[in-house]
Novice: 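So that we are looking at the same thing, I have put the structure below in structure tokens.
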Amino acid sequence: MATMDGDLVRQDASVLAQAMVEGEVSSEEITRAHLDRIASVDDRVHAFLHVLSDDAISSAREVDRRRAAGERLGPLAGVPLALKDVLTMTGVPTTCGSRVLEGWRPPYDSTVVERLRSADIVILGKTNMDEFAMGSSTEHSAYGPTHNPWDLERIPGGSGGGSAAALAAFEAPLAIGTDTGGSIRQPAAVTGTVGVKPTYGGVSRYGLVALASSLDQPGPCARTVMDTALLHAVIAGHDPRDSTSIRAEVPDVVGAARAADVRGMRIGLVRELGGEGYQAGVRQRFEESVAILTDLGAEVVEVSCPNFEYALAAYYLILPSEASSNLARFDGMRYGLREGDDGSRSVEEVMALTREAGFGAEVKRRIMIGTYALSSGYYDAYYGSAQKVRTLITRDFTAAFEDVDVLVSPTAPTTAFKIGDKVDDPLAMYLNDIATIPVNLAGNAAMSLPIGLAPEDGLPVGLQIMAPPMADDRLYRVGGALEAALVDRWGHQLIEEAPQL
Ligand code: GLN
């Protein structure tokens, strides 16, 4: 349609879907506009590892055909999406940002992809990520870093920096991420976008290449709370192929986003998150948002979660332990890369050469830490203790949620840092996850949403909302209310002030 032309890439997914259903624009036009945008900006952003131009156009045409035939379509039908390269899609390269998977084309769809397809969402391509989702900056991708569209010299967060950057650069209105310790929420925070880690077991992990199976969770990403809710509803729900999938009704996330009302809710400020070590502008925007929530009728109280202090240490033992076991399957025999197989070497030598060549430094570091933490003699001291801490953190949440409906904190301690700043300092990199990790350890649901730009650097700041297991709808109720109030205050600042690429 004429009024939308040229501006299609800046529209919300829900607006595009509606315009498509009403015949104002075709899915093919929407999809082409996004492919053109990718062609014009992605050499600078590098959000995508693979763009599926032909497949995307043919899926879009199929949606258009079905619409023309009068078929009923879902609320996001015909809208394009960027998929993190850690989820399988039949016949499409899935590298997880690693050389070790180069050339592997999975023979099956992940459940997430299956559900996207049945909702008629158009998959544009696979997005860049830290290798096997280990990292907070996307600099650990074997295929080069993704650049933050707000400042191309800065990181877009990680591990799902590609998905978040694709949204912020208007290359896609919807994206899928995965969150093991913050990989959906921290990239959302530093790119001014919305991301949700659903309750553990809320979205199927079938076809998600495992990092740490007890923590991993796929989730929805978009530029608005409502678009995120619509996507959440598409991908969530019980899946018999994932033994940890929850057999229960998906909370009404779309209804909650629409209600967007915090009156009478109790909101807890976590004393242990958001103080010292957090950038001044991050704290300022966070405090303003808390004041807005109070104005909107929520009751805000301070809550203490004393064991959160140990979350980072516990996570960086549990994650490497599980990862060292999960990544054992990349041995050069079954998937992707095989090194040194010239007939002169034993199987063990080929495996060792493949792993040596195929894994990057961060992955090797974590495999070694994990193997050490699980070895007999050290198991109780490291892995065992970390699991006990995990229980204490879960108890902190349970106690807090007896008093409040949701908890809030800044999502990340700082705005986007410069590419290169932390890549050689693993501890500095790990500290980015300080506020996001407790949720993964306990299996709760959490959202990051943009709350403005930090005064000192003009870069986006994110606020995190945390809810009890299977109360994902509360994230959208609170997030929707806060987003509407912020738009009233600042207009669509995050869209209007986004840098022109
Ligand atoms: N930054 C965290 C890590 O490096 C988060 C990873 C994730 O959520 N996939 O482990």
Side-chain angles (χ1 to χ4, degrees), residues 84-87 96-98 127-141 145-146 155-164 175-191 195-198 200 203 205 208-221 311-324 326-327 359-370 373 386 390 411-414 416-417 421-448 462 464 466:
K84 189 176 179 183
D85 201 25
V86 67
L87 286 147
C96 300
S98 182
T127 56
N128 199 12
M129 55 186 282
D130 286 297
E131 186 174 3
F132 287 109
M134 299 182 193
S136 309
S137 69
T138 319
E139 290 167 288
H140 295 313
S141 167
T146 297
I155 58 101
S159 64
S163 285
I176 295 289
T178 58
D179 194 312
T180 305
S183 286
I184 288 176
R185 289 162 288 155
Q186 182 258 10
V190 301
T191 57
V196 167
K197 185 206 93 75
Y200 181 79
V203 174
R205 291 183 296 110
L208 161 63
V209 179
L211 167 55
S213 311
S214 76
L215 302 162
D216 298 341
Q217 192 53 201
C221 313
L312 206 66
Y315 171 90
Y316 277 101
L317 285 168
I318 293 170
L319 178 136
S321 299
E322 293 190 23
S324 70
N326 275 326
L327 270 55
F359 289 139
E362 181 62 21
V363 172
K364 286 177 186 160
R365 178 181 298 126
R366 295 200 196 189
I367 289 174
M368 284 190 284
I369 294 173
R390 185 174 190 174
T411 308
T414 67
F417 49 90
D421 263 11
K422 301 191 181 187
V423 73
D424 297 322
D425 185 349
L427 284 183
M429 191 72 90
Y430 300 167
L431 276 168
N432 266 282
D433 311 334
I434 193 134
T436 47
I437 276 174
V439 162
N440 301 80
L441 289 171
N444 297 338
M447 168 188 283
S448 177
Q464 175 177 231
M466 297 165 265

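Everything quoted here is computed from the prediction, not taken from an experiment. Every number for a ligand or one of its atoms is a count from 1 in the order of the listing.
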Novice: Can you tell which part of Tyr430 has a heavy atom less than 4.0 Å from ligand 1: side chain, backbone, both or neither?
Specialist: neither

Novice: Would you mind running through ligand 1 and noting each atom that sits below 4.0 Å from a heavy atom of Ala133?
Specialist: 6 (C), 7 (C), 9 (N)

Novice: Would you check the N or O atoms of Leu211, main chain and side chain alike, for any that come under 3.5 Å of an N or O of ligand 1?
Specialist: no

Novice: Would you mind listing which atoms of ligand 1 come within a distance below 4.0 Å of any non-hydrogen atom of Tyr316?
Specialist: 1 (N), 2 (C), 3 (C), 4 (O), 10 (O)

Novice: Please check: side-chain N/O of Gln186 versus main-chain N/O of Ser136, any donor-acceptor pairing under 3.5 Å?
Specialist: yes

Novice: For Arg366, which part has a heavy atom under 4.0 Å from ligand 1: side chain, backbone, both, or neither?
Specialist: side chain

Novice: When you check the side-chain N and O atoms of Ser213 and Glu322, is any donor under 3.5 Å from an acceptor?
Specialist: no

Novice: With nothing but distance in play, are any N or O atoms of Asp179 less than 3.5 Å from an N or O of ligand 1?
Specialist: no

Novice: Among all protein heavy atoms, pick the one closest to atom 10 (O) of ligand 1 and tell me residue, atom and distance.
Specialist: Tyr315 OH, 2.7 Å

Novice: What I want to know is whether Asp433 and ligand 1 share at least one N or O pair that is separated by under 3.5 angstrom.
Specialist: yes

Novice: Quick check: does Leu319 get an N/O under 3.5 Å from an N/O on ligand 1?
Specialist: no

Novice: Check whether any N or O atom of Gly135, backbone or side chain, sits under 3.5 Å from an N or O atom of ligand 1, and answer yes or no.
Specialist: yes

Novice: If you measure only the distance, is there a donor-acceptor pair under 3.5 Å linking the side chains of Thr178 and Asp216?
Specialist: no

Novice: Taking non-hydrogen atoms only, is Ser159 closer than 4.0 angstrom to ligand 1 via side chain, backbone, both or neither?
Specialist: side chain

Novice: Please check whether Met134 reaches ligand 1 - meaning an N/O of the residue sits under 3.5 Å from an N/O of the ligand, judged on distance alone.
Specialist: no

Novice: Restricting to non-hydrogen atoms, name the atom on Thr146 and the atom on Gly161 that form the minimum distance, rounded to 0.1 Å.
Specialist: CG2-O, 3.9 Å

